[in-house]
Amino acid sequence: MKSLQFLQTSINTFHRFDSNPFEDTLFVDQLPRQPQKTIVISGFSTEIGVMFTALGALRRGYRVIIAIDAVGSRSTRTEMRL
């Protein structure tokens with residue numbers, strides 16, 4: 001498997017400290033500067049953060065991809081694949 005780390009830059013990677021990144025003005029201000037209109041979301045033990053990010057991005061017209069294999073939880077219920 002190839003590493004995707006070479007694609008990560010300070011311009012396209014945001015570390016957030018709130019469950020809803022669309023409440024972070026730095027994040028929101030940077031979005032229009034990105035040429036892409038697709039947001040890929042992943043996270044562990046952050047189900048609510050993934051949800052808020054996806055919903056906020058959809059409201060703003062972004063195409064959202066949730067990388068299911070890169071999202072996890074400590075919750076057995078969340079991890080159940082139905």
Side-chain angles (χ1 to χ4, degrees):
M1 177 188 234
K2 274 183 133 177
S3 173
L4 298 177
Q5 189 169 9
F6 72 96
L7 296 171
Q8 179 182 350
T9 69
S10 61
I11 295 170
N12 68 13
T13 303
F14 304 94
H15 300 278
R16 59 187 168 76
F17 302 98
D18 188 287
S19 58
N20 185 351
F22 291 95
E23 297 293 324
D24 180 344
T25 55
L26 177 64
F27 177 80
V28 172
D29 290 347
Q30 287 292 325
L31 282 178
R33 298 181 185 147
Q34 305 302 316
Q36 303 85 2
K37 290 293 281 181
T38 298
I39 295 177
V40 178
I41 304 169
S42 67
F44 181 78
S45 286
T46 60
E47 303 94 318
I48 198 73
V50 169
M51 181 187 75
F52 277 134
T53 303
L55 292 174
L58 288 168
R59 274 190 221 105
R60 287 163 178 81
Y62 286 87
R63 176 177 175 237
V64 173
I65 298 171
I66 298 177
I68 298 297
D69 290 340
V71 176
S73 173
R74 290 182 223 156
S75 164
T76 304
R77 181 178 57 123
T78 300
E79 285 296 305
M80 289 174 45
R81 304 277 186 216
L82 302 176

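Numbers here simply count residues along the sequence, with the first being 1. Please read all numbers here as calculations on a predicted model, not as lab measurements.
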By side chain to side chain contact (heavy atoms under 4.5 Å, CB included), which residues pair with L55, not counting sequence neighbours?
M51, R59
Around R63, counting heavy atoms of other residues, nucleotides and ligands shown, do more than 12 lie under 6.0 Å from its CZ?
no
Applying the 4.5 Å side-chain criterion to the ILVMFWY set and letting contacts propagate, would L31 and L58 be lumped into a single cluster?
yes
Report yes if the side chains of V50 and I66 come closer than 4.5 Å at any heavy-atom pair, otherwise no.
yes
Can you name the ring pair (Phe, Tyr, Trp, His ring centres under 6.0 Å) partners of Y62, sequence neighbours left out?
none
Applying side chain to side chain contact (heavy atoms under 4.5 Å, CB included) to V28 and not counting sequence neighbours gives F22
For V40 versus A67, what's the shortest heavy-atom pair and its separation?
CG1-CB, 4.3 Å
State, to 0.1 Å, how close R60 and K37 come at their nearest heavy-atom pair, and which atoms those are.
O-NZ, 4.0 Å
Take I65 and I39 through the test side chain to side chain contact (heavy atoms under 4.5 Å, CB included) and record every step on the way to the result.
CA-CA 6 Å; I65 298 171; I39 295 177; over 6 Å; no
